[in-house]
Amino acid sequence: MTESITSSSIVVTGMGIISPYGIGPDILWNKLLAGETAIKPLTTFDTSHIRCRVGGQLKDFNPNSYLSPRTVRKIDRFSTFALIASQLALLDADLLVDGKKPLWMELGHGEDRVGICVGNNLGGWEFAERELRNLWQSGPREVSPYMATAWFPAAVQGNVSIQFGIKGIGRTFLADRASGAMAIIHAADCLQRGRADIMLVGGTEAPFSPYAALCYETSGLMSQQAVSGSPTAYRPFDATHDGLVCAEGAAFFVLERAEHALAREAPILAKLAGWAATYDGYSTVQPAPDGQRYAAAMTQALTRAHKQPDDIDCVFAAGSAIPTEDISETRAIRLALRDAANRVPVSTPKSAFGNLFGAATPVDMAIAMLAMQQRVIPATLHLDQPAPGCDLDYVPRTPRSVERLDTCLINARGMGGTNAALVVERWS
Amino acid sequence: MIQETITSHIMALVKEHTGIEDALSPETNLEDDLAIDSLERVELAIKMEKAFGVALANSKLRHTLTIGDLIQLVIHAEQDKRVINV
């Protein structure tokens with residue numbers, strides 16, 4: 001296919017999730033509806049050097065249950081998450097023959113029309129820190145040769161593409177908490193431009209190691225009240241908000257043009273109707289307080305989706321719980337949705353399990369799709385009293401059943417002024 | 001160390017390292033039969049260095065294709081060690 005922008009709908013045909021609650025969408029959804037938090041005191045390393053001592057950490061996870069020990073020792077935890085989530089997404093999309101080998105590998109052709117986009121923020125610091133300790137303590141012969149391939153953010157793209165024989169487009173996006181959104185946007189663009197027929201796309205993050213946690217701590221994004229080990233420290237839009245709590249996991253999707261998905265009789269889970277990204281051009285750390293460029297991302301995503309603000313049934317906010325970001329996000333939503341902002345629910349379910357940074361938007365997108373299936377909006381936990389300047393309907397504390405939940409706006413933003421928005425729609 | 005001992009020791013190391021239970025022979029190809037790539041060869045070589053108390057030169061390791069080549073690499077390294085000790 002020559003490159004030309006098509007008007008095809010982009011659809012989601014597979015989804016794979018690893019959240020701090022466990023593996024798969026069911027446990028994520030059930031725990032969210034039960035209002036159960038996955039934020040717990042960090043136990044895998046000494047946290048005395050940081051204040052944010054809680055996180056959405058996946059407990060009792062044994063990678064050897066999913067991958068061979070030979071594979072596990074060559075890769076970091078963030079690649080492990082991505083490999084498992086990718087496999088689940090491909091399986092969900094009916095693209096694995098006998099649950100194992102992708103269709104294109106089995107057929108021996110078409111692999112150059114399959115691409116991968118990955119969002120990540122940190123890279124594989126658990127692996128890197130262990131090997132750096134070996135270097136300083138025992139010398140270079142004790143450093144795993146896989147240090148060369150395991151730790152850097154694009155390692156995931158390499159590992160997944162090798163595992164599943166993906167030979168088309170490959171890209172990795174680093175844009176702080178918007179990394180996953182940027183990956184999804186690029187994957188959708190590639191499909192619309194005819195550069196690929198199938199895109200495996202998502203995000204992954206494994207932020208729990210001493211150095212990685214320290215980097216986050218010094219970023220100024222993290223909740224300081226988490227020093228007490230409180231599971232309620234992540235409080236988007238609440239009067240006592242003071243930063244986020246991070247989490248680990250991954251979410252991956254299979255995206256296709258609708259006609260491609262229909263031709264192979266694939267299950268269609270949702271339509272990715274719109275997407276856009278803008279930049280603040282304001283500060284390396286702070287978001288632009290006026291929210292105008294953030295609002296522009298939302299508006300452009302709505303325009304691409306051929307939607308008006310009144311068509312939006314729910315906004316899944318970035319909800320960082322950093323006071324300046326909560327206020328400017330509220331402002332941006334008001335600018336983008338205008339009068340509709342007075343009635344559209346704006347939820348941040350990730351307050352229950354943490355912010356997955358590079359995987360934050362993919363997990364939000366998964367939740368939005370599950371919410372549309374169930375017509376239930378998961379709640380923003382730990383929102384007791386809205387902060388001054390935060391005056392939207394944030395779906396506090398308890399989930400909300402709604403009659404119509406067909407179109408969702410998903411927001412993302414990252415340090416450095418990255419703004420992104422996705423519109424996800426029920427497929428019919 | 002006699003050649004049979006080195007051979008059986010290396011076979012056991014490779015099996016433990018790869019998790020592959022199939023029978024191995026000196027002709028077993030590291031890449032084609034065991035999917036041992038260049039990085040994994042380095043990892044395996046470090047285990048062999050510790051097991052046999054020898055130093056294996058990366059330049060020679062790069063040219064190993066089979067388990068037999070690994071065996072010869074260790075045998076030569078042991079001989080070099082003896083020469084140095086003498």
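This one's a predicted model, so the numbers in the text were calculated from it and none came from an experiment. Below, chains carry the letters A, B, ... as their sequence lines are ordered, and counting in each starts from 1. Computed over heavy atoms, backbone and side chain alike; hydrogens, waters and symmetry mates excluded.
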Task: B:Lys60 atom NZ, over 12 foreign heavy atoms within 6.0 Å - done: no

Task: Any side-chain heavy-atom pair of A:Arg141 and B:Lys50 under 4.5 Å - done: no

TODO: Output the distance between atom CD1 (A:Ile162) and atom CG (B:Asp37), rounded to the nearest 0.5 Å.
DONE: 8.5 Å

Open item on the list: Does A:Trp125, at its CH2 atom, have more than 12 non-hydrogen atoms belonging to other residues, nucleotides or ligands within less than 6.0 Å?
Closed with: yes

TODO: Can you tell which part of B:Ala35 gets under 4.5 Å to a heavy atom of chain A, answering side chain, backbone, both or neither?
DONE: both

Open item on the list: More than 12 heavy atoms of other residues, nucleotides or ligands under 6.0 Å from OH of A:Tyr211: yes or no?
Closed with: no

Task: Minimum heavy-atom distance between B:Leu39 and A:Pro145, given as atom pair plus value - done: O-CG, 3.4 Å

- [ ] Using a cut-off of 6.0 Å, state whether more than 12 heavy atoms not belonging to B:Lys15 lie near its atom NZ.
- [x] yes

TODO: Report the distance from atom OG of A:Ser144 to atom CD1 of B:Ile46, rounding to the nearest 0.5 Å.
DONE: 8.0 Å

Open item on the list: At a 4.5 Å cut-off on heavy atoms, which part of B:Ile20 comes close to chain A: side chain, backbone, both, or neither?
Closed with: side chain

- [ ] Provide the closest heavy-atom pair for A:Arg73 versus B:His17 in the form atom of the first, atom of the second, distance.
- [x] NH2-O, 2.7 Å

TODO: Give a yes or no on whether A:Lys100 atom NZ has more than 12 heavy-atom contacts from other residues, nucleotides or ligands under 6.0 Å away.
DONE: no

Task: Ion pair A:Arg70/B:Glu40, N-O distance below 4.0 Å - done: yes

